[in-house]
Amino acid sequence: MTDKTEKKMKYNFKEIESKWQAAWDEEELYRAPENPDPKREKFYMLVMFAYPSGDIHMGHFRNYIIGDAVARRQMMMGRQVLHPFGWDAFGLPAERAAIKRGLHPADWTYKNIEVSRRTLKKVGVSFDWAREVISCSPEYYKWTQWFFVQLFKKGLAYQKEGLVNWCPEDKTVLANEQVVDGRCERCDTIVEKKMLKQWYYKITDYADRLIDDLDTLPGWPENLKTMQKEWIGRSWGAEIDFTIKETGEKLPIFTTRPDTIFGVTFMAIAPESPLIDSLNLSGKHKAVVDEYRAKAMKRSEIDRASVTGEKDGVFTGKYAINPFNGEEIQLWVADYVLAHYGTGAVMAVPGHDSRDFAFAKKYDIPIKIVIHPDEKSKLDLKKMDDAYTEYGVMVNSGQFNGLAGQDALDKVTEFAEKKGFGRKKKNFKLRDWLISRQRYWGAPIPIIHCPKCGPVAVPEENLPVMLPQVENYLPKGRSPLADVPEYMNVKCPKCGGEAQRDPDTQDTFVCSSWYYLRYIDPQNADKPFDKSLAGKWMPIDLYIGGITHATGHLIYFRFFHKFLNDIGWVKDNEPARNMFNHGMVLDSTGEVMSKSKGNVVSPVDLMDRRGIDISRLGMYFTAPSEKEVLWSEDVIVGIEKFILNRFYPLVENYRGSSPDLKYYFKDNELSAYEKELYIKLNQLIKRIDEDSERLQYNTVIAGLMEYVRDFDSGKVKNDKLNDYIILKLIQLIAPIAPHLAEEMWRQTGNVESVFKSQWPEYDPNAIVFENISIAVQVNGKLRGLLDINRDAPEDEVINLALNDARIKNHLDGKAIIKKIYIRNKLLNLVIK
RNA sequence: GCGAGAGUGGCGGAAUGGCAGACGCGCUGGAUUUAGGAUCCAGUCCUGUAAGGGGUGGGGGUUCAAGUCCCCCCUUUCGCACCA
């Protein structure tokens, strides 16, 4: 050991961490008030709750320390902070993992919660653990079921027979949002189509509001809002009734291009569409169509979508009539038509739609041009190898010739409306939310099917419908609960007759659609939550989570909140005022960390070696919070040096003068160096405050490093200033390095927690220097720096510049034609 | 294909239209040390001995001034993907 290292203070992080964690627990530092004082400001800091699939990993660690820094700073700003945590504990992955290990899903889940909770406590995240919620507990899912019943009462939970996404591996149906590129989001198996009767939430009733209200959320990232808008996919157009020639029956279609109506040369129906049945096909055509439909049904969605432009279909032998011109057109069945969008049938305009163009070419169907780019340039069909899909001027369209743009769309639609064979129409890509799952590990659907009364909601006083403990919970294609007679066989709550429970459970995303409200009143046995408490805590002031939930959870929970708003349970239309998407944590090669790849870095291991706060600072410092991180421990080397050699030893320079932290120093109290330090301190406070608002902790740390580097305590004569600086620095680092800051704070003689001290505010009279340096440019290029007095008059600055040897050189005796002077910043001389 | 981002040293990354590369890693040199994977000091965009010149994916533009704003292109990430 050399002299130097001996002098250095030892940072015994293990001791310090456990000491202050115990103390914070003891004084219940993180407890949010049961009933917040409406006169004081509140801050609801929400991080997405966790799926207990093992211990927490680097991604969780990053996510939660970001929220933690926000919560702690808010605490210091005097807000009443609600920073809760819980577990998204039901669901398929947990069930699958449990099965793999031969464990009951409940045992597996609770064990993981235990382990993860311990780790999170070790990280020292400021969660109010007294409000912890676990979505698979009966006390919680009782209310998940209650929400089902409320939706059911309003007609927003309904059963429908239809084609659904079926995962053959997980043996359950999936919501549209859980199918990614035609595969099961969870197990990557190609999803099949099945005809099944399932429960849906009518989220499409809220489609307009889910889009329109995004404009009331300036605190949400634009890209996220765009993703939601596109997912919901609103488009305006017209519905127009064609008629079947033989039967006179109507065949409505949806189009966004009514201006191309005269270019229709055939129609196509989706193979799944029941419309085909009503055509009453017979003979040869029926055989061909039946075969084609069977073939199409077998093809998976990806298969159908990935066909590189190659479309196919079969002619039905039937014709339809275009109501606009009476033309007879062929009626086809084609699998490029989607059964679930619009009416399941389309009018095909090969001249002006690429898909129709390809199809018409393949089957030698006529192509008609009815739109020209403008009055002068005309299309030549012979030269076209694709459709012209832009808007333009209507031609070959009878009375509508010459109309263009929006006017064309409107006039055609108005005409159809007047004649009674068409109407304005709005369509969405969003489909209703399929919430039934044929799996064991979920909240049972609180419905009893009675042969006489139909589906009857379980009376609210009988909730929860308990998930029975069963031996056999393996997926088998129908719900495992269906084979538990003592569960299934019940009396109808309406007529008292023999009836059966619905055997399915609810999608986990239902559980996660309302958890943020349960935190507000987690023990309430009579209600999901107390309305007046919710009124005080809501809305969420900041919601932090991954962008991966953009078109799933983050739409579902907005939908739930709007529904609750409609039935009078919450007063806001939107649940979260601000949303922040943190970046992912990948390994150093850019791979996602996963157990199977064996590249998982454990935050526990890191913290054991380096200490919690140094690990935290390393993570913050690597990248701004919204960017992804390729995790490497290299960055920690610099952080560790900074904390161990520079920051922590600051307490040694503390002189015990206990300065008033609200006091602002006056000019005449300070020497030149002291004044410089003081001004720089105020600049630092301002900068850290602004960066913290943006969650940009990397630059917060950089700012602290610079300041501490320039702060030479030995040269400071004024004890109060010296101590003032040290105390402010401790406060500034507290949100991101809580244990270190608390230790230093107490070592300087404070008896209350640093988190009960007031967050620094800068002295508005001391954030600028008297003498500043401004840039001098010649023709926009930097040619020199001038030291001037702040606010020096323009003439003086110009004079100084003109007499500066280096600048003179660049002026080269040429005439100055323009002088641009930005006060205290820059002078640009334009010469010729 | 459509939509939204992103592109800055060897690396992570800074920069309300106003001094590009803060801060850190790495690297180079030096000091100290029995030793260094410790500590401290200095240097580190390219070119040039220097003065200077050039430089933020490429090309154009707006401006006194562009990494930043506008247009085109390239690369890349994410989302959607036959939505009629």
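Letters A, B, ... mirror the listed sequences (proteins, then strands); counts begin at 1. Being a predicted model, the structure only gives us computed values, none of them experimental.
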Subject >> Minimum-distance nucleotide (side-chain atoms of A:Asn645 versus B:rG18, B:rC19, B:rU39) >> reply: B:rU39
Original post:
Would you say a side-chain N or O of A:Lys627 is under 4.0 Å from OP1 or OP2 of B:rG13?
Top reply: yes
**OP:** Examine A:Lys425 relative to A:Phe254 and say whether NZ or CZ is less than 6.0 Å from the centre of the six-membered ring and inside a 45° cone about the ring axis.
**Re:** no
**OP:** Output yes when A:Glu633 and A:Arg610 qualify as a salt bridge under the 4.0 Å nitrogen-oxygen rule, no when they do not.
**Re:** yes
Original post:
Rounded to whole angstroms, how far apart are CD1 on A:Ile816 and P on B:rC64?
Top reply: 17 Å
Original post:
Is A:Val830 touching bases, backbone alone, or none of the nucleic acid, heavy atoms closer than 4.0 Å?
Top reply: sugar-phosphate
Subject >> Distance between C1' atoms of B:rU8 and B:rG67 (Å, rounded) >> reply: 7 Å
Subject >> Contiguous Watson-Crick or G-U pair runs (3 or more, under 3.5 Å) in RNA chain B >> reply: B:1-7 with B:74-80, B:10-12 with B:23-25, B:26-31 with B:39-44, B:45-47 with B:52-54, B:57-61 with B:69-73
**OP:** Figure out the CZ/C1' separation between A:Arg783 and B:rG54, and round it to whole Å.
**Re:** 12 Å
Original post:
Does A:Glu239 pair with A:Lys426 as a salt bridge, N-O distance under 4.0 Å?
Top reply: no
Subject >> Ion pair check, A:Lys225 and A:Glu222, cut-off under 4.0 Å >> reply: yes
**OP:** For A:Arg234, answer base if it contacts any base atom (sugar-phosphate contacts may also be present), sugar-phosphate if it contacts only those atoms, and nothing otherwise; contact means non-hydrogen atoms under 4.0 Å.
**Re:** nothing
Original post:
Looking at A:Lys825, does any N or O in its side chain come under 4.0 Å of the phosphate oxygens OP1/OP2 on B:rG18?
Top reply: no
**OP:** Starting from the 5' end of RNA chain B, give me the residue, A:Gly342 or A:Arg694, whose nearest nucleotide shows up first.
**Re:** A:Arg694
Original post:
For A:Arg823, which contact category applies under a 4.0 Å heavy-atom criterion: base, sugar-phosphate, or nothing?
Top reply: nothing
Original post:
Is A:Ser632 touching bases, backbone alone, or none of the nucleic acid, heavy atoms closer than 4.0 Å?
Top reply: nothing
Original post:
Are A:Trp433 and A:Tyr556 close enough that their ring centers fall under 6.0 Å?
Top reply: yes
Original post:
Taking atom types as they are modelled, is there a donor-acceptor pair under 3.5 Å from the base of B:rG18 to the side chain of A:Gln777?
Top reply: yes
Subject >> Out of B:rC64, B:rU16, B:rG54, whichever nucleotide has its closest atom nearest the side chain of A:Lys781 >> reply: B:rG54
**OP:** Report the nucleotide, chosen from B:rG79, B:rC64, B:rA84, that has the shortest atom-to-atom distance to any side-chain atom of A:Glu230.
**Re:** B:rG79
**OP:** Can you figure out which of B:rG79, B:rA84, B:rG13 approaches the side chain of A:Met227 most closely?
**Re:** B:rG79
**OP:** Report the C-alpha separation of A:Lys715 and A:Glu676 in whole Å, then their side-chain angles, then the decisive distance to 0.1 Å, and conclude whether the salt bridge (charged side-chain N to carboxylate O under 4.0 Å, His left out) test is met.
**Re:** CA-CA 12 Å; A:Lys715 279 164 64 184; A:Glu676 185 190 328; over 6 Å; no
Original post:
Hey, which of these two, A:Asn828 or A:Gly638, hits RNA chain B nearer its 5' end, going by closest nucleotide?
Top reply: A:Gly638
Original post:
Among the nucleotides B:rA22, B:rA84, B:rG26, which one has an atom lying closest to any side-chain atom of A:Val637?
Top reply: B:rG26
Subject >> Nucleotide nearest A:Thr255 when distance is taken to its side chain, options B:rA22, B:rA14, B:rA84 >> reply: B:rA84
**OP:** For A:Arg823, look at atom CZ and say whether over 12 heavy atoms of other residues, nucleotides or ligands are found less than 6.0 Å away.
**Re:** no
Original post:
So what does A:Lys429 hit on the nucleic acid, given a heavy-atom distance under 4.0 Å: a base, only sugar-phosphate, or nothing?
Top reply: base
Original post:
Quick one: do A:Asp215 and A:Lys229 make a salt bridge, cutoff under 4.0 Å?
Top reply: yes
Original post:
CD of A:Glu626 versus C1' of B:rA14: gap in Å, rounded?
Top reply: 13 Å
Original post:
Does A:Asp634 make a side-chain donor-acceptor contact with the base of B:rC25, cut-off 3.5 Å?
Top reply: no
**OP:** Compare the minimum distances between each of B:rG52, B:rA65, B:rC19 and the side chain of A:Leu782, then state the nucleotide with the smallest one.
**Re:** B:rC19
Subject >> Salt-bridge criterion met for A:Glu177 and A:Arg431 (N-O under 4.0 Å) >> reply: no
**OP:** Ignoring backbone atoms, establish whether A:Arg687 has a side-chain N or O less than 4.0 Å from OP1 or OP2 of B:rA14.
**Re:** no
Original post:
So, is B:rG52 syn or anti if syn means the angle is within 90° of 0?
Top reply: anti
Original post:
Rounded to the nearest 0.5 Å, what separation is found between the CE atom of A:Met619 and the CD1 atom of A:Ile639?
Top reply: 12.0 Å
Original post:
Is a donor-acceptor contact shorter than 3.5 angstrom present between the side chain of A:Lys311 and the base of B:rC82?
Top reply: yes
Subject >> Minimum-distance nucleotide to A:Lys641 side chain [options: B:rC80, B:rG54, B:rC25] >> reply: B:rC25
**OP:** Take atom CD1 of A:Ile817 and atom P of B:rA65, then tell me their distance rounded to the nearest Å.
**Re:** 10 Å
Original post:
Of the nucleotides B:rA81, B:rA4, B:rA84, which has the atom closest to the A:Trp231 side chain?
Top reply: B:rA81
Subject >> Minimum-distance nucleotide (side-chain atoms of A:Ile820 versus B:rC64, B:rC82, B:rA22) >> reply: B:rC64
Original post:
Reckon A:Asn698 has a side-chain N or O less than 4.0 Å from the OP1 or OP2 of B:rA14?
Top reply: yes
Subject >> B:rC73 to B:rG26 separation - P atoms, rounded to the nearest Å >> reply: 43 Å
